[in-house]
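The structure under discussion appears below in the form of structure tokens.
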2 protein chains.
Amino acid sequence: MAVDTSLSERKLIILKAIIQNYLETGEPVGSRTLSKYTELNLSSATIRNEMADLEDLGYIFQPHTSAGRIPSDKGYRLYVDMLMEEKEQEITEREDAMLQKADKVEQVLQQAAKVLASNTNYATMVSSPINNRNTLKFIQLSQVDEEQIVAVIVLGGNVIKNKIIEVGETLSNETLLKLNMLLNTTLNGMPIDQITLGLIARLKEQAGIHSEVVGHVLDAVAEIIHVEDDMKIYTSGATNIFKYPELSDKQSAQEIISAFEEKQQLADLVTETLASEDNHGIQVYIGEEAPVKTMKDCSVVTATYELGEGMKGTIGIIGPKRMDYEHVMKTLKTLQNELDAIYNKDPKE
Amino acid sequence: MAVDTSLSERKLIILKAIIQNYLETGEPVGSRTLSKYTELNLSSATIRNEMADLEDLGYIFQPHTSAGRIPSDKGYRLYVDMLMEEKEQEITEREDAMLQKADKVEQVLQQAAKVLASNTNYATMVSSPINNRNTLKFIQLSQVDEEQIVAVIVLGGNVIKNKIIEVGETLSNETLLKLNMLLNTTLNGMPIDQITLGLIARLKEQAGIHSEVVGHVLDAVAEIIHVEDDMKIYTSGATNIFKYPELSDKQSAQEIISAFEEKQQLADLVTETLASEDNHGIQVYIGEEAPVKTMKDCSVVTATYELGEGMKGTIGIIGPKRMDYEHVMKTLKTLQNELDAIYNKDPKE
DNA sequence: TGTTAGCACTCAAAAGAAAGGAGTGCTAAT
DNA sequence: ATTAGCACTCCTTTCTTTTGAGTGCTAACA
């Protein structure tokens, strides 16, 4: 920060020009090119001097002697920060809607990933929202056949879960009714994190001889709450990375695409993003900044959306460091808004 | 077929030797190599003559003059057919178990894909079983809140589906009870494909003023039955294709990996496989034979497994034409057996 | 003091040239 | 029918040369 402000106006302009040019072409940019590109009419020699300074300060570097300059991570970081400040006050005017209506959440999310990928030409991911501090809305046990009952659990946000429970005995209808009553009167509307061991013990006690069944049900609830479990991640356009030579040698391509197939690393990324929220929920990780080592040669831009009732998810794009940050951030923001809106207005299902 | 038998014993041996050698090395194989490799002691010159014949017959070809020979699709086909015949009577002895127990079907399938990939070093896929001619086991409607009820539908094989239904009115408990009774007495144990329009009309009539709700429920059932919808495909090891230079130029790699990400093409492949069952349910597509154009430079080997009650799914591997067919078929068969067994013995969930 | 023209120098990438070698097809001898 | 021998092909590898974009530095200039 302190260092940033110490850059002269002219150096800033030159740095910005270098970066923008490099974003477009992907080639190291030299002094002659710049002397035409910038509005300030300077000879290439002058620019060379400034560039040498910028290199000393660590904002740019040469891939080899006698090549033009390329932005370093530090350079990108400064650029992105400037970008963010500029956009701060700018009101994003309503874009055309990107998403079509669809009645299942997962369809919407998968579609979101696709739209994002086709709009940006980068690899994208969308995580399903996780039920943070959710409430239990409704429980229902039903006998399926002699030895099985199914427990249906509806969470706030109308997320439905089920679990088949094996019981040794056949339960009578009235027993079931009683159990349902017991569970619902106690648990309905209860935030999940308030279901304590004490409460469970009390319920079991009240269930009498059927305490075992109640135990199973609560186990099922516990299982469902376990967040990691069902964070689904939808991806699209992983193969877009082939469009960027700096990422598409076998080694890198394999690593990145693996990450997209296995999804575990993406999940980590999402977790990280959700943990450290920031700037309108838009975060930019450049190179090593990303919480996952696989992405060390990429930039990752993420945003958080909210499907009401504290259910948060992440959308993100992964691309080369020389990505079109401006466009990406704009697209991401638009999509974020649309996702935020979709649940509030649309009485889905 | 007629042509195949016209190959002399010696030509067959040579062809086999060529293919096996090529499978190992990936390099075109020349006459000198062969004259050592084969048990029949022939000079390279003799072998050259035979090879020229084999080339005329279309079983092998040269990538360029003055290179060794490579098997053509036709050559591979003959080889695989021979392999199949040999294996016909061979009893596969019990292998070590590959799969660990897991309580959700989808975990098992995902794991199956992984195991397959790590055992073969090819890209793999596993499709979830589709509920062919399934039966409806149980239906339950429950009131969730004022305007929503949830319909839980259990299918044979304990597949559970739910759907939230918006109702304008609040239904009384006894109404719900009556509807549940009505639906279950009529529909329980009924094969899904026997739910006809006539039946639906009759049910609606019996439901009286609540015919609308019944309609919604049956819509939900219809939606669930729609097969394509929920054929999930689990993949693993897509990046294994980078191990085979003939598939890992940008163009091919991008296409193949895209197919693995989008999954639509894999779904087509599965559909095709399930339609035309064969040889112990093991099928080999070489190059152009595959029903999907993307795989024209690959070989695809698939097998069908059955999770009881006619629920069939497909496991398959995709790799270069010069894949180790023998090992792949063996591994596939083992896994197929394990999947077949898992449901029959294991009272899962 | 900041700017610029000029020039020697560097080095990656492209193009060319030469050598090597695996493999073939054909002919003639066994 | 088999094989040794030889001329020929053409891919692959290696080395060299050329090219050209770009730099840093110095000296002149405003």
Side-chain angles (χ1 to χ4, degrees), chain A residues 6-15 17-22 24-72 75 245-246 248-249 322, chain B residues 6-15 17-22 24-72 75 245-246 249:
Chain A
S6 78
L7 279 185
S8 72
E9 186 71 13
R10 201 170 68 177
K11 283 198 175 56
L12 267 182
I13 294 179
I14 291 178
L15 178 57
I18 292 176
I19 296 184
Q20 279 170 350
N21 200 295
Y22 184 66
E24 281 173 24
T25 67
E27 299 290 320
V29 12
S31 53
R32 263 186 64 82
T33 317
L34 280 180
S35 80
K36 293 170 201 158
Y37 193 87
T38 52
E39 56 273 34
L40 19 94
N41 277 3
L42 292 176
S43 76
S44 59
T46 315
I47 305 243
R48 272 204 290 285
N49 290 330
E50 295 287 47
M51 284 167 88
D53 291 352
L54 282 170
E55 178 154 12
D56 285 343
L57 293 170
Y59 292 103
I60 54 181
F61 69 98
Q62 297 180 275
H64 56 261
T65 0
S66 90
R69 301 308 209 289
I70 287 181
S72 67
E246 63 267 49
S248 58
D249 62 301
R322 60 174 182 99
Chain B
S6 78
L7 279 187
S8 73
E9 186 72 11
R10 201 169 69 178
K11 284 200 173 55
L12 268 182
I13 294 179
I14 292 177
L15 178 57
I18 293 175
I19 296 184
Q20 279 170 351
N21 200 296
Y22 184 66
E24 280 172 27
T25 66
E27 299 290 321
V29 11
S31 53
R32 262 185 66 82
T33 318
L34 279 180
S35 78
K36 294 171 203 157
Y37 193 87
T38 52
E39 56 273 31
L40 21 94
N41 277 6
L42 292 176
S43 75
S44 58
T46 314
I47 305 243
R48 273 204 291 284
N49 290 329
E50 294 287 47
M51 285 168 86
D53 291 352
L54 283 170
E55 179 154 11
D56 285 343
L57 293 170
Y59 291 103
I60 53 181
F61 69 98
Q62 297 179 276
H64 56 260
T65 1
S66 89
R69 302 307 210 289
I70 286 181
S72 66
E246 64 264 48
D249 62 302

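Because the structure is predicted, anything quoted here is derived from the model rather than measured. Letters A, B, ... mirror the listed sequences (proteins, then strands); counts begin at 1.
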Item to complete: Check every atom of dG23(C), dC25(D), dG25(C) against the side chain of R48(A) and return the nucleotide holding the closest atom.
Response: dC25(D)
Worksheet item: Roughly, in whole Å, what's the span from CZ in R69(A) to C1' in dG24(D)?
Response: 10 Å
Worksheet item: Which value, rounded to the nearest 0.5 Å, describes the distance between I18(A) atom CD1 and Y59(A) atom OH?
Response: 12.5 Å
Worksheet item: Could you give the CZ-to-P distance, from R32(A) to dT23(D), as a whole number of Å?
Response: 11 Å
Worksheet item: Counting just side-chain N and O atoms, does S31(B) come under 4.0 Å of either OP1 or OP2 of dT24(C)?
Response: yes
Item to complete: Look at S66(B) and dA22(C) and indicate whether a side-chain polar atom (N or O) is within less than 4.0 Å of OP1 or OP2.
Response: no
Worksheet, complete the sentence: Separation between CG (L15(B)) and CG (L34(B)), nearest 0.5 Å, reads 10.0 Å
Worksheet item: Once you round to the nearest 0.5 Å, how far does OG1 of T46(B) lie from CD1 of I14(B)?
Response: 8.5 Å
Practice prompt. To the nearest Å, give me how far apart CD1 (I47(A)) and C1' (dG22(D)) are.
Written response: 14 Å
Worksheet item: Please give, in whole Å, the distance from dT24(C) P to E55(B) CD?
Response: 10 Å
Practice prompt. Starting at atom CE of M51(A), determine the distance to atom P of dC25(D), rounded to an integer number of angstrom.
Written response: 14 Å
Discussion item. Nearest whole Å is fine: how far is dT12(D) P from E27(B) CD?
Written reply: 9 Å
Discussion item. With a 4.5 Å cut-off on side-chain heavy atoms, are I60(B) and I19(B) touching?
Written reply: no
